[in-house]
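Remarks on the structure that follows.
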Amino acid sequence: MRSIRAAAIGAVTLSLAIAATACGGGSSTAGNGSNDSPRTLTYWASNQGASINVDKKVLQPELDKFKKQTGITVKLEVVPWSELLNRILTATTSGQGPDVLNIGNTWSASLQASGALLPWDAENFRAIGGKDRFVESALGSTGTQSKDPAAVPLYSMAYALYYNKKIFADAGIAKPPATWDELIADAEKIKQHGAAALGAEGSNLSENIHHAFVFAKQHGADFFTADGKPDFTSDGVVAAVKQYVDLMAKDKAIPQGNAEYAQNQSLSDFAKGKTAMLLWQTASATFKSLGMKDDEWGVAPAPTPSGTPGTGTSVNSMVAGINMAVFKNTDNHDGALKFVKFMTSDAEQKILNKAYGSIPPVKAAQSDPAFNTQATAVLRSTLAKSAEALPQVPQESQFETAVGTAVKELFADAAAGRAVTTQSVRARLHKAQQQMPAK
């Protein structure tokens with residue numbers, strides 16, 4: 001999921017565990033939709049670029065191209081991440097929503113549980129060219145494994161370590177850190193030369209969850225049991241969350257002021273040369289929009305305990321990305337499928353993912369040289385070798401809110417000089433687990 005979201009989405013009170021009435025497209029017809037409005041589609045796109053206007057400039061020419069091919073007019077609305085989940089939840093219960101929409105891939109299972117989205121069964125996948133066109137890791141974030149996917153992958157992303165070449169050179173650091181111990185050692189050198197070491201968004205609940213999940217994997221732990229029950233207070237999870245927060249509380253690698261960041265301030269700090277390192281998804285286009293030149297930064301795999309990214313305890317990213325979904329009772333069912341087919345075609349995947357600096361989840365599109373540049377090669381390798389999907393459980397959105405808030409509160413403790421101990425971490429996570437609905 002795109003990290004540009006504000007933390008406000010995490011404050012949403014979710015009720016997705018309760019079955020909602022399937023709805024969408026503004027149609028009053030329940031069930032599997034209709035073709036009552038075959039000449040138009042409404043589309044909610046997520047804010048992928050540096051601004052909503054940037055997204056409109058990227059998307060509108062492609063929508064015009066689709067209209068020329070099919071005669072279908074797509075009414076576009078780019079929805080900020082701070083509003084998107086609220087808007088979707090309202091649509092699932094009000095019956096007033098779009099035909100097609102983008103969703104953060106980590107929401108797939110939660111929104112699937114509402115019953116509002118069109119299931120992507122074999123027939124629907126055939127209509128867009130087949131399921132085997134898509135990268136397996138991207139399909140892993142499209143809903144509960146035992147069910148037909150609730151969405152189709154559109155943009156794929158992964159975390160990487162971005163670093164400022166000049167700050168590294170000034171501090172005498174020859175190469176980016178591959179392990180957390182190396183990062184902490186480099187942070188000391190960087191701080192001695194007047195820069196902050198590592199940027200973070202301590203008040204962004206989604207960012208907190210993404211990193212906590214990766215650290216948990218590196219500790220051999222999971223936030224949910226095999227049968228989908230929350231397990232937030234195991235020793236591995238507690239140690240993982242403490243290690244992440246200790247980057248501020250103990251190691252002083254993350255500045256205390258970053259505990260309040262939630263609106264991409266850490267990207268601005270990095271682009272302005274205030275911070276030497278940043279763990280982020282697909283950041284090259286944003287750096288450019290902030291005035292940073294491509295030769296001023298480098299990118300490397302995010303650190304692991306051993307320095308060798310891979311599976312198991314060497315996971316160094318969640319499978320990030322954007323999925324495309326269709327409301328089940330759209331009043332242009334056939335047109336919606338045509339639109340999804342168009343947006344996930346090889347040609348459009350190259351155009352759109354180049355524009356956003358992301359990776360195509362469509363296999364054939366990845367062969368384009370644009371996805372083997374400095375900005376994308378590490379992301380592509382990470383997605384293929386060392387990224388894992390967040391838990392695809394119906395409670396996932398509540399999990400983001402509860403645990404993301406716990407980490408936010410722990411960062412606030414660290415910024416205020418309050419001790420972050422194993423006991424305090426476990427207490428925060430216990431509180432988060434108590435807030436989770438029954439499975």
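All residue numbers in this chain count up from 1 along the given sequence.
- The backbone N or O of Pro119 sits less than 3.5 Å from a side-chain atom of Asn124, completing a donor-acceptor pair.
- Expressed to the nearest 0.5 Å, how far CG of Leu198 lies from OG1 of Thr275 amounts to 8.5 Å.
- No donor-acceptor distance shorter than 3.5 angstrom exists from the side chain of Ser284 to the backbone of Gly357, with no hydrogens or angles considered.
- Looking only at distances, no side-chain donor or acceptor of Asp222 sits under 3.5 Å from a matching main-chain atom of Phe224.
- Counting non-hydrogen atoms of neighbouring residues, nucleotides and ligands closer than 6.0 angstrom, the CD atom of Glu136 reaches no more than 12 such neighbours.
- A salt bridge is defined here as a Lys NZ or Arg NE, NH1 or NH2 lying under 4.0 Å from an Asp or Glu carboxylate O, and Lys165 with Asp295 fails to meet this definition.
- Contact check for Thr233 versus Val237: no side-chain heavy atoms found under the 4.5 Å cut-off.
- Looking at Thr179 and Asp181, their side chains never bring a donor and an acceptor atom within 3.5 Å of each other.
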### Task
Starting from the C-alpha separation in whole Å, work towards a yes-or-no answer on side-chain hydrogen bond (donor to acceptor under 3.5 Å, both in side chains) for Thr304 and Gln218.
CA-CA 7 Å; Thr304 65; Gln218 293 180 358; 5.6 Å; no

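- Atom NZ of Lys385 has 12 or fewer heavy atoms from other residues, nucleotides or ligands within 6.0 Å.
- Separating the NZ atom in Lys217 from the OG atom in Ser314 is a distance of 12.5 Å, to the nearest 0.5 Å.
- Put simply, the side chain of Leu379 does not reach to within 4.5 Å of the side chain of Met157, judged on heavy atoms.
- The environment of Glu260 atom CD is sparse: at most 12 non-hydrogen atoms of other residues, nucleotides or ligands sit within 6.0 angstrom.
- Checked by atom type, the side-chain pair Gln265/Asp269 shows no donor-acceptor distance below 3.5 Å.
- Between Tyr43 and Phe339, the angle of the ring planes goes over 60°, which puts this pair in the perpendicular group of the 30/60° scheme.
- Between Ala364 and Asp346 the shortest heavy-atom distance is CB-OD2, 3.4 Å.
- Remark: Asn47 CG to Asp55 CG distance equals 5.0 Å, nearest 0.5 Å.
- Distance alone, capped at 3.5 Å, places no donor-acceptor pair between the Lys250 side chain and the Leu247 backbone.
- When all heavy atoms of Gln349 and Leu154 are compared, the closest pair comes out as NE2-O, 3.1 Å.
- Side chain to side chain, Tyr159 and Gln281 meet the donor-acceptor criterion of an N or O pair below 3.5 Å.
- The structure places OG1 of Thr344 at 11.5 Å from CG of Asn323, a figure rounded to the nearest 0.5 Å.
- The aromatic rings of Phe232 and Phe399 sit tilted relative to each other, their planes meeting at an angle between 30° and 60°.
- Heavy atoms from other residues, nucleotides or ligands lying under 6.0 Å from NZ of Lys189 number more than 12.
- Using a 4.5 Å heavy-atom threshold, the side chains of Lys350 and Pro360 count as separate.
- Sparse packing is recorded around CD of Gln145, with 12 or fewer heavy atoms of other residues, nucleotides or ligands lying under 6.0 Å away.
- Annotation: side chain of Pro303 is in contact with side chain of Leu279 (closest heavy-atom distance under 4.5 Å).
- The main-chain N or O of Ala200 is found under 3.5 Å from a side-chain atom of Asn258 such that the two form a donor-acceptor pair.
- Considering every non-hydrogen atom in both Ala415 and Ala259, the closest pair reads CB-CB, 3.7 Å.
- One N or O on the side chain of Asn208 and one on the backbone of Gly202 form a donor-acceptor pair closer than 3.5 Å.
- Side-chain contact of Thr225 with Asp231: a donor-acceptor pair under 3.5 Å is absent, judged by distance alone.
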### Task
Give the intermediate values and the outcome of side-chain contact (heavy atoms from CB on, under 4.5 Å) for residues Thr313 and Val315.
CA-CA 6 Å; Thr313 57; Val315 167; over 6 Å; no

### Task
Start with the C-alpha distance between Leu111 and Leu89, add both sets of side-chain angles, then the distance that settles side-chain contact (heavy atoms from CB on, under 4.5 Å), and finish with yes or no.
CA-CA 8 Å; Leu111 292 174; Leu89 293 175; 4.2 Å; yes

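- Looking at every heavy atom in both residues, Gln433 comes nearest to Pro230 through NE2-O, 3.5 Å.
- Looking at heavy atoms from C-beta onward, Phe125 lies out of side-chain contact with Arg133 at the 4.5 angstrom threshold.
- Checking side-chain atoms of Glu201 against main-chain N and O of Ala262 turns up a donor-acceptor pair under 3.5 Å.
- We find the CH2-CG distance between Trp297 and Asn164 to be 12.0 Å, quoted to the nearest 0.5 Å.
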### Task
Begin from the C-alpha positions of Trp81 and Trp44 and carry the test ring-ring contact (aromatic ring centres under 6.0 Å, His included) through to its verdict.
CA-CA 11 Å; Trp81 280 108; Trp44 286 356; over 10 Å; no

### Message
Before you tell me yes or no, could you show the steps for Lys175 and Phe168 under side-chain contact (heavy atoms from CB on, under 4.5 Å), namely the whole-Å CA-CA distance, both residues' side-chain angles and the distance that decides it to 0.1 Å?
### Response
CA-CA 8 Å; Lys175 60 181 181 178; Phe168 267 49; over 6 Å; no

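- Residues Val58 and Leu352 share a closest heavy-atom pair of CG1-CD2, 4.1 Å.
- Taken to the nearest 0.5 Å, the CG atom of Leu118 stands 11.5 Å off from the CD atom of Gln112.
- Ionic pairing of Glu348 and Lys65 is present here: one or more N-O contacts between side-chain nitrogen and carboxylate oxygen are shorter than 4.0 angstrom.
- A salt bridge is defined here as a Lys NZ or Arg NE, NH1 or NH2 lying under 4.0 Å from an Asp or Glu carboxylate O, and Asp235 with Arg426 meets this definition.
- Note on Glu296 versus Lys166: no salt bridge recorded, every NZ/NE/NH1/NH2 to OD/OE distance being 4.0 Å or above.
- Taking the six-membered ring where the residue is Trp, Tyr244 and His211 present tilted rings, their angle falling between 30° and 60°.
- Not one N or O on the side chain of Ser141 forms a donor-acceptor pair closer than 3.5 Å with the backbone of Ala138.
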### Task
Kindly indicate, with the supporting measurements, whether the criterion side-chain contact (heavy atoms from CB on, under 4.5 Å) is fulfilled by Phe213 and Glu388.
CA-CA 9 Å; Phe213 170 78; Glu388 288 196 18; 4.3 Å; yes

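- The nearest pair of heavy atoms linking Ser110 to Gln395 is OG-C, 4.1 Å.
- Checking side-chain atoms of Arg380 against main-chain N and O of Gln366 turns up a donor-acceptor pair under 3.5 Å.
- Considering only heavy atoms from C-beta on, Lys363 stays 4.5 Å or farther from Phe134 through its side chain.
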### Message
Checking Tyr356 against Tyr155 for the ring-ring contact (aromatic ring centres under 6.0 Å, His included) test, could you report, in this order, the C-alpha distance in whole Å, the side-chain angles of both residues, the deciding distance, and whether it holds?
### Response
CA-CA 9 Å; Tyr356 291 129; Tyr155 312 126; 5.4 Å; yes

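- In this structure, the side chains of Leu84 and Trp107 come closer than 4.5 Å at one or more pairs of heavy atoms.
- In this structure the side chain of Pro301 never reaches within 4.5 angstrom of the side chain of Leu161, judged on heavy atoms.
- Checking Thr286 against Ser289 by side-chain atom types alone, no donor-acceptor pair falls below 3.5 Å.
- With respect to Glu77 and Arg87, a salt bridge is recorded, a charged nitrogen being found less than 4.0 Å from a carboxylate O.
- Within the 3.5 Å criterion, the main-chain N or O of Val378 finds a donor-acceptor partner in the side chain of Thr382.
- With ring centers used as reference points, Phe215 lies under 6.0 Å from Trp180.
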